[in-house]
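What follows is one structure encoded as structure tokens, with my remarks underneath.
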Amino acid sequence: MASEDEELERQIHEHYGTWRDSPPGRLGCLIVIAFVLLTTGAVVLGAVLLLR
């Protein structure tokens, strides 16, 4: 049973890789993009609520 689990884990790793296999800085870039989008959304929402 353990060998089947190890084989499945190996296949998943080969197909998807891990976050460590992504190019350097990619995670940081995604975090910055998410922060910019959330900040922009908060500013727009605040402006809409203030101008009502």
Using side-chain hydrogen bond (donor to acceptor under 3.5 Å, both in side chains) as the criterion, list what pairs up with Gln11, not counting sequence neighbours. Glu7

Suppose clustering is done on Ile, Leu, Val, Met, Phe, Trp and Tyr with side-chain heavy atoms closer than 4.5 Å. Which residues sit in the same group as [X]?
X     : value
Leu45 : Leu49
Leu37 : Ile33
Val36 : Val32
Val43 : none

Any residue meeting side chain to side chain contact (heavy atoms under 4.5 Å, CB included) with Val48, in chain and number order, not counting sequence neighbours: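 Val48 satisfies side chain to side chain contact (heavy atoms under 4.5 Å, CB included) with Val44 only.
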
Go through the structure and list residues passing salt bridge (Lys or Arg N to Asp or Glu O under 4.0 Å) with Arg52, not counting sequence neighbours. none

